[in-house]
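Read through the structure below, which is laid out as structure tokens, and then see the notes.
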Amino acid sequence: MALSRRSYAAYSKMDKEDPQEIIHRRAQFLIYKLLEQADSRSKQSCLRIRISKLKVKIGNRLRKLRKRIMSGVSAARVGIHGHVMSQMKTWKRVFGRGRQTLVTIPPLIK
């Protein structure tokens, strides 16, 4: 058996390509890449628009919620403050009289 000296995956030398064909192939590749990027951008931009709209909605809801909470808290503060002040006045009246000189009623003479 004779072994073949030529390998199966040997490359053969090619003739030089025409420079115009090289330029044309590069241009086609660049056009393909640009179109591919444009397709991917349009999908992303649509998604970005949806996300930005969702962020705006969430932001508006949070702002409204914060306003409601703050108005509720301030109303509660006013209510609590008024209640505490009225209690303080009551306690001042009760304990303030004890500090004043008491007028004693003279005992009844029989």
Side-chain angles (χ1 to χ4, degrees):
M1 292 182 144
L3 292 174
S4 172
R5 294 192 185 263
R6 190 173 165 186
S7 66
Y8 291 105
Y11 293 101
S12 61
K13 190 173 183 179
M14 290 181 56
D15 293 330
K16 287 189 175 181
E17 287 186 69
D18 185 27
Q20 291 296 328
E21 282 185 33
I22 295 171
I23 293 171
H24 180 69
R25 193 172 52 234
R26 267 191 207 151
Q28 281 182 333
F29 176 74
L30 291 175
I31 290 169
Y32 171 76
K33 283 292 186 183
L34 285 173
L35 289 174
E36 197 174 82
Q37 287 177 357
D39 286 343
S40 66
R41 282 183 187 166
S42 66
K43 291 175 186 175
Q44 289 177 355
S45 67
C46 182
L47 182 63
R48 286 181 188 168
I49 290 171
R50 285 183 182 174
I51 290 173
S52 63
K53 284 183 181 180
L54 184 63
K55 285 181 182 178
V56 169
K57 278 185 179 181
I58 291 171
N60 288 338
R61 287 183 182 177
L62 286 175
R63 190 180 326 121
K64 287 178 185 177
L65 180 64
R66 190 180 327 132
K67 283 183 180 179
R68 273 190 259 146
I69 289 172
M70 290 305 291
S71 66
V73 167
S74 64
R77 279 185 187 167
V78 169
I80 290 172
H81 183 265
H83 182 71
V84 168
M85 291 308 290
S86 67
Q87 291 295 322
M88 290 293 287
K89 285 181 185 177
T90 305
W91 286 108
K92 279 183 184 178
R93 283 187 208 134
V94 169
F95 292 114
R97 288 183 183 162
R99 290 185 188 159
Q100 295 174 355
T101 57
L102 293 174
V103 178
T104 57
I105 301 174
L108 295 172
I109 302 175
K110 289 189 183 182

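Below, all heavy atoms of this structure are taken into account, side chains as well, without hydrogens, waters or symmetry copies.
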**OP:** Report the distance from atom CD1 of I58 to atom CD1 of I51, rounding to the nearest 0.5 Å.
**Re:** 10.5 Å
Original post:
Are I23 and I31 connected, step by step, through hydrophobic side chains (Ile, Leu, Val, Met, Phe, Trp, Tyr) whose heavy atoms are closer than 4.5 Å?
Top reply: no
Subject >> Nearest non-hydrogen partners of S52 and I49, listed with the distance >> reply: OG-O, 2.8 Å
Original post:
Is there a side-chain contact between K64 and R61, using heavy atoms and a 4.5 Å cut-off?
Top reply: no
Original post:
Between atom CZ of R66 and atom CZ of R63, what is the distance when rounded to the nearest 0.5 Å?
Top reply: 8.0 Å
Subject >> Check: H24/Q28 side-chain N/O donor and acceptor closer than 3.5 Å >> reply: yes
**OP:** Please check if L62 and L54 belong to a single hydrophobic cluster, counting links between Ile, Leu, Val, Met, Phe, Trp and Tyr side chain heavy atoms closer than 4.5 Å.
**Re:** yes
Subject >> Rounded distance [0.5 Å steps], CZ in R25 versus CG in L30 >> reply: 12.0 Å
